[in-house]
Amino acid sequence: MVAGTLCAFAAFGDAELVQELKIAGFEEANMSLGKGEEFPGAQAWLVRTNETTRFCFDFTKGGNYVTMRLGQLQEGARSVSCQCQLMCPSKANFWIRAHDAKGDTYIASLPKPLQPSNGWQTVTHNLKRLGWARGRSTNRVDRATVRYPIHAEILVEPHQRRLKGFVEMKDLVLATTNRVSQRDWSFGCGPARFGQVYLPDEVIAVKVGLRSLRTDGAEPAMRLEKAVVTDWQDREVLVKKCSGDITLTADELKGQFGAFRVTFWGREKGSGNGEEEEKKLGETWFARLTGKSKPVAWAGTGLHGWGLDTRRYELIAKAGLGTVRNDIPGWDNWEKEKGVYRCPRGFRETIDKMHSLGIEMNLIFNGINPLYGKMLDFDAFCNWVRYVVTHEGKDVEYYEIWNEPNNFYFGPKLRKTFFKSFTDFTKQVVKTIREVKPEANIEVVVEDGQWHTTVFLRKGIATSKEILSIHPYIHDKNPRPEHCHFYFRDDGKTIQASMASNGMTRVRMTEIGWTTYAADEHGKTEHWYVGAYPGVHFDQQAYYMIRAYLLARTYGVESMMQYDFQNDGPRRNYTEHNFGVVFGDCTPKPSYAAIAFMTRLLGEAEPLGFVGERQAKVSTVCAFRLKDGRKAYAMWAYQDPVEAEIPSDVRGGFVFDLMGNREKLGNRTKLTLTESPVYVVERK
């Protein structure tokens, strides 16, 4: 990317100084692109040269617009200008779209569309003329007031549909009147390699970038000073002076395994007396595993989307997660003309990649097709199902019929006939699949509430050949899995009794998870938007996730699939964006490292049940026989710390924490258990 314009400051208005800064996001390697998800079909990507950045777009398969993130703009921002040229046969709208701190969306548009050109044009957006588009504000006064900071992005919308081309850009500059809050520097830190997951003998590396955004070539007000490494429970492990990229060795980490957070700190010049203020610049995570796990089918996860970066699948396999749940690409993507089916791009490639890694697929038949109107056509849906099972999806291990019918389509649209309609629909789809593949594993009901599930079972929604699929989420303030009334609280006895009425014996948990969302600066959260999921800390997510996996395994649940593998968005105060065991850039949370050690230790172990008089609200001990014949016990306290006897057959062995850090038991006969599970393993 070329440097900014030569002019650094200019007089403006009543002796008001306007400072010009480059916009950091324009130069970032991991630029966030949007493809107008509410109008699917558009594609967008960046191509960089030494001089320019090309923002490429392709609307030949649909879509209305694409976006490119610019970054955060502080109060005092005046305008954004850019030199650009449009390379496509039609003109385009070239806008700045901004989301402010209230959650409202604003647009700064040009008087005229950007014209096709072989030469450079200067485009300037006046940020004082942001016009409200939509958002949360309910009155004109709130809508008319932009609350900073704002998150800005470039939006391109061609006038002509089905268009391909690109906007080539350089010299993207921000004019601002605020020297205090608008930084003249940008900082970025992140993975030196995808996922930041390392094996014991590997050196950990973190990339760091602190650069000036000033257009006059002056040094920025900030300098990088140190990196602080903390473990998964926020205990300080290492403080390291640094001025750029860093590496970390096993010795520096004291030989510890698990997930670690690296926080970077710098010094910023004070505004008055020349003093420097310490400031947190950014943070990233990495994981150091005890070794590579083998994927096991009883531990699974969920994904959204197809044909995405296949490196995600390798991370899934490395953690030992052996089942992946995903929607089959929408019916309307397969059948764009009645009776004509085409496999969507990426579908077969993804299945083949998963299978090559030893991962089973759990795929959901879902959705309606506008070709058949606004209501679900059962017969047409089954024709599509028949095609998928016969052809492109014939080697899929598990087929799931619809996702949460009470929440999607059947409940909202067919409330008066809900139970009968979904029962009839399910039976018709099951019959269709079995005509093609009699031995197929078919999951039914797929609900997140116990009452609806038991009613469907009593109505005979399935036979002994089918598998019950449930979503035992926590929907109140107590986040512990043992507290969940759906399956966990009574060890599945209520559900199992309902299953027995029609001969069903197999059950799978295809969604369960804990969100690591945080309150905003005003102490508010958005959990009420999505069913009051309790927010938890990163370490708590790891505790509860592992407890749920171990309980499900001990109950005899065939597979538990955590929802979902990767964060769905960047907003920390929104529940649905924070369910992942990895962040949006695929760096690991503590729960990822915890799952990896659990599958490495117990992946091929035989569950032996609960030990002694189980006290669900005090402590739990689950027994396993390892592949080599040794005994192992998973132990934890429900909430408050408790003293517990070490089973006699493993005394003198080893105890491992949640991340796989080992300690000899010696002569101890008791352990102090906490909410974090530990594994006590017999000595060889």
Side-chain angles (χ1 to χ4, degrees), residues 25-26 30-48 53-70 82 84-99 105-110 112-116 123 125 131 133-135 151-169 303-309 326-338 340-350 366-372 374 384 566 568-571 576-577 584:
F26 193 61
N30 297 318
M31 173 66 70
S32 175
L33 300 180
K35 302 173 186 177
E37 282 76 7
E38 69 268 42
F39 306 106
Q43 296 297 312
W45 63 97
L46 295 181
V47 177
R48 290 181 175 81
T53 293
R54 288 183 177 180
F55 182 23
C56 306
F57 48 81
D58 183 350
F59 296 93
T60 58
K61 296 182 180 179
N64 284 5
Y65 68 87
V66 292
T67 62
M68 182 183 81
R69 182 177 58 82
L70 296 181
C82 175
C84 60
Q85 51 187 335
L86 177 65
M87 296 295 186
C88 68
S90 176
K91 56 190 178 181
N93 284 325
F94 190 75
W95 299 341
I96 294 291
R97 182 169 69 173
H99 310 279
T105 300
Y106 299 84
I107 295 287
S109 59
L110 294 174
K112 296 180 180 179
L114 187 63
Q115 301 294 323
V123 176
H125 294 277
R134 65 179 186 277
H151 295 268
E153 58 190 1
I154 286 176
L155 184 148
V156 178
E157 179 191 58
H159 279 213
Q160 179 182 326
R161 296 290 183 91
R162 310 298 181 187
L163 191 68
K164 291 179 69 173
F166 60 85
V167 176
E168 193 163 38
M169 297 179 287
L303 280 181
H304 290 303
W306 292 83
L308 301 174
D309 196 327
N326 202 350
D327 287 280
I328 292 176
W331 173 18
D332 56 344
N333 288 320
W334 292 75
E335 188 180 2
K336 297 181 182 296
E337 178 184 346
K338 284 189 177 182
V340 179
Y341 304 98
R342 292 186 178 88
C343 183
R345 180 182 175 187
F347 179 70
R348 270 310 320 172
E349 293 85 348
T350 300
N366 221 12
I368 63 174
N369 191 328
L371 285 175
Y372 297 93
K374 294 182 179 180
W384 166 58
Q566 183 179 3
D568 289 333
R571 290 164 60 190
E576 290 288 347
H577 280 191

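Atoms considered below: every heavy atom in the structure, side chains included; atoms not considered: hydrogens, waters and symmetry mates.
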>> Has Asn326 got a side-chain atom pairing as donor or acceptor with Gly305's backbone, closer than 3.5 angstrom?
In response: yes
> Would you say Phe166 and Cys88 make side-chain contact, with heavy atoms under 4.5 Å?
Replying inline: no
> To the nearest 0.5 Å, what is the distance between NZ (Lys35) and OG1 (Thr67)?
Replying inline: 10.5 Å
> How long is the span from the CD atom in Gln43 to the CZ atom in Phe59, to the nearest 0.5 Å?
Replying inline: 10.0 Å
> Backbone N or O of Gly584 within a donor-acceptor pair of the Gln566 side chain at under 3.5 Å?
Replying inline: yes
>> Minimum heavy-atom separation for Thr60 and Lys164, please, with both atom names.
In response: CG2-CG, 3.4 Å
>> Testing the basics here: between Leu86 and Lys91, what is the closest heavy-atom pair and its distance to 0.1 Å?
In response: CD2-CA, 3.8 Å
> Looking only at atom types and distance, does a side-chain atom of Trp306 sit under 3.5 Å from a main-chain N or O of Asp327, one as donor and one as acceptor?
Replying inline: yes
> What pair of heavy atoms forms the shortest contact from Pro329 to Trp334, and how long is it?
Replying inline: O-NE1, 2.9 Å
> Is the closest side-chain heavy-atom distance between Pro113 and Phe94 below 4.5 Å?
Replying inline: no
> If you measure from CG on Leu70 to CD1 on Ile154, what distance do you get to the nearest 0.5 Å?
Replying inline: 4.5 Å
> To the nearest 0.5 Å, what is the distance between CD (Glu168) and SG (Cys82)?
Replying inline: 10.5 Å
>> Using 0.5 Å steps for rounding, measure from the CH2 atom of Trp384 to the CG atom of Asn333.
In response: 9.0 Å
> Of all residues at least two apart in sequence or in a different chain, which pass the salt bridge (charged side-chain N to carboxylate O under 4.0 Å, His left out) check with Glu153?
Replying inline: Arg97
> Are any non-hydrogen side-chain atoms of Met87 and Arg54 less than 4.5 angstrom apart?
Replying inline: no
>> Between Phe55 and Leu33, is there a side-chain heavy-atom distance shorter than 4.5 Å?
In response: yes
>> For Glu157, give me all partners under salt bridge (charged side-chain N to carboxylate O under 4.0 Å, His left out), at least two apart in sequence or on another chain.
In response: none
>> Using the side-chain contact (heavy atoms from CB on, under 4.5 Å) criterion, which residues pair with Pro89? Sequence neighbours excluded.
In response: Leu163
> Which atom pair, heavy atoms only, marks the closest approach of Pro158 to Phe57?
Replying inline: CG-CE1, 4.2 Å
> In Å, rounded to the nearest 0.5 Å, how long is the span from CG of Leu371 to CD of Glu335?
Replying inline: 6.0 Å
> Centroid-to-centroid, Trp95 to Tyr65, below 6.0 Å?
Replying inline: no
